[in-house]
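Report on the structure given below.
Because only heavy atoms are used, hydrogens play no part in the values below, and waters and symmetry mates are left out as well, while side chains stay in. On a predicted model such as this, the values are computed, not experimentally measured, just so you know.
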Amino acid sequence: DLPFELHSWRQMAEYSPEMKQFACVLHLYHIKAYDYLRKIFPLPHPCSLTKQNHISESHHPFFSSWLSNNEAAAGFSNDIFLRLQEKVERGDQAYCYCAVMVQDMSLQKQQEWDPQTRRLTGFVDLGAGILDADEAPLASEAIILMAVGISSPWTAPLGYFFVNSMTGRLLAQLFHQTISKLNNIGVTVLAVTSGASACGAETARALGIRMDPERIRCTFRHPPGSAHSITYFFDVCHALRLIRNALQYFQKVEWLSDTVWWQHVVELAALREQRVLEPCSPRSGRSGSKGSYHLKVNFATLLFSEGVADALEHLQKLGLASFQNCSGTVKFVRLMSSLCDVFYGRGPYGKGLKVPLLAGNYTKISNILNEAKSFFVTLTDSVGRYIINSKRKLGFLSLLLNGESLKWLYSNYACPEGTPSHHLQTYAFSLDALELFLRALRQACGTSGSPTCTVFQAAYHKLLASCSLAPGSPHGSGLGIVSSLDVSLSRSRDLTLGSIRAQYNPAHGRALGTEYPFCAGLLLHSSALSNALTDLSLHAWSVTCTAGFVAQQLAWDLQCEACLASLFDSDESRLRCRSVLYIKKLGRVSLPSASVHHIANVLERVLKWYGNAGDGSKNTMLWSMSLEQEVFQELLGEKPLFPTLTNHLFDGELSINNHYTVLVKKITKCYLNIRTNPAQHMNLKYPCGRHRLKRLKGRHLFPSPLGRCQSSCTHMGS
């Protein structure tokens, strides 16, 4: 299909589709072979493959190049690049600088007939057309590229490519092509990000990055040989997983005079709920019975967090044998926590290190990065071999490289006058934004497994049609507005104490809701007579029980440590960190926090009012939504809920859909679901209306399942 005459290769405008495919594939897969062949054939200059020619068709301008396409075909998206250029030409400085990231998505190898184009699909496509032939390889992966703002949270999906194998050299070439196209429209790329994997390390080396801890080179030139440098980042979440794997593999890691033990973390995650025998006075509006506090691990706590370090120190002070000599582990976890805060700096309202890289905090951040470097390069295993030279080194090297890249960006872009931004939002250098887009893409595909090329293209076209380059805009497909904090928490779910507990104790599953108040049937306001006959103290206790049950149910699914801790009535005077909680319980019932209890009381008022109204069906979606709306109207204007979450609200973007409102919605929906569908939650061991009641404290009636308190208690010092 290719001509052998030299004159046939001189005019790019006369290239056949096969000639374009040959030039593009050879250039992307092996640049050295392309440069060698250019000495024999007059192949186009590499810059010509992505050079954008301005064309007008039906008075609508767009850009074309061999690796670009309209609509949602493989290659770079002409529409996205046009919209970015329009923003730059209007003088919007937030779009003049960005980071570029890459991630892959597995595909199902399958040939499919496209009746519109009358061609087979499912083959490799790098933007210059499908390689359609009997011996052509089928695509097994889609490579997706995205641009992210570094001072404003805008995102732009730049395009995708169908490949049958992803290599580091291919990704390096795609990075170069992407940077060239963005430079052509006036967007300067400051950094690129890939996963912390074997392919990511190969990509870094292909670009000229050096990962020797003694001679780190964190930048590469673009174009090669020019003076413009671009930094390289590895995804922080991937790096943290690798470091966790290294600790788990070595079990014991030594650093100068300290020792880091993985077993300390395992013991913390496996710590059983233990009772502290100490009576406490009842609160107003609660049961008059004395309660006890139970020490409980917050399984939403991240492994590398300040909370885990505080919890280990606290348990050591309590004298528990499993946590003695854990000072080395505490130092390591605390340092890792500081690094996580540095690499996940978001908005300007963050606290501590969770802020953008600014002139005022650079010295402190630089000291932490330097401390981490001296720490990582001296870590040894049990026989004295350096971890940084072992087969488990990539996670540590990734964070070292990221630290050097941050310092280089500060020195060259955040500090001098006339540079793009006075601050750098460091979370923009992670893959969080791209992972959110891929999540929406998988949802739009509608398949549980890997999609075919046809399904992928249809889903990508759907997302591209609803894509907005505005900061913080969702990527369609029903995901709504998801904050960067929620994306980070979701991606870090396998880095929590709960995941470690599940790994070492697979039999420990989600507990059944045996604590559900069996007297909840008395709360159903079906008539005025039932209201008059209901014991008010029993009613108040039932509300507390139901609210406590709601808190326990939500605790299984919440991924946020702070939000989970705010659900329960806990004693913060013992320990202010939220990784270990002292939860107040009465029998088997975990008592809810004052805010959860208040929401429950408001819900009961609304349910009583709607029950007296007596019109319409009470099991429809419209009725449920009306209840929820009424509850929020009742809560408006009252005193703020969840006082412990005040500072936590600034961890993510400032929006109405923050953790505060999401938590209130979850509590409301769960409580209404229980109260309006009691049969789904009642223990059917006791027939409805015939629960065996037990008299406690004179006139207070409780179902006997709630009165059983034979659980074993461990005496602990306060």
Seminar exercise, completed: In short, salt bridge (charged side-chain N to carboxylate O under 4.0 Å, His left out) pairs touching residues 148-158 with sequence neighbours left out are none
Problem set entry | Sequence-distant partners of Arg241, side-chain hydrogen bond (donor to acceptor under 3.5 Å, both in side chains), two or more places apart | Asp494
Exercise. Side chain to side chain contact (heavy atoms under 4.5 Å, CB included) with Leu302: which residues, sequence neighbours excluded?
Worked result: Ser305, Ser492, Thr496
Seminar exercise, completed: Taken in chain and number order and not counting sequence neighbours, the residues that satisfy side-chain hydrogen bond (donor to acceptor under 3.5 Å, both in side chains) with Gln251 are none
Problem set entry | For Phe456, all residues meeting ring pair (Phe, Tyr, Trp, His ring centres under 6.0 Å), sequence neighbours excluded | Tyr160, Phe162
Seminar exercise, completed: side chain to side chain contact (heavy atoms under 4.5 Å, CB included) filter on Lys393, not counting sequence neighbours, yields Leu397
Exercise. Under the side-chain hydrogen bond (donor to acceptor under 3.5 Å, both in side chains) test, which residues partner Glu141, sequence neighbours left out?
Worked result: none
Exercise. Of all residues at least two apart in sequence or in a different chain, which pass the salt bridge (charged side-chain N to carboxylate O under 4.0 Å, His left out) check with Lys669?
Worked result: none
For this session: Only counting residues at least two apart or in another chain, list the ones meeting side chain to side chain contact (heavy atoms under 4.5 Å, CB included) with Ala428.
Result: Val148
For this session: Could you name each residue pair satisfying salt bridge (charged side-chain N to carboxylate O under 4.0 Å, His left out) that touches residues 329-340, not counting sequence neighbours?
Result: Asp258-Lys331, Glu306-Arg334, Asp310-Arg334, Glu313-Arg334
For this session: Under the ring pair (Phe, Tyr, Trp, His ring centres under 6.0 Å) rule, collect the residues that match up with Phe304, sequence neighbours excluded.
Result: none
Problem set entry | Residues that Ser194 engages under side chain to side chain contact (heavy atoms under 4.5 Å, CB included), provided they are two or more places apart | Val102, Tyr232, Phe234
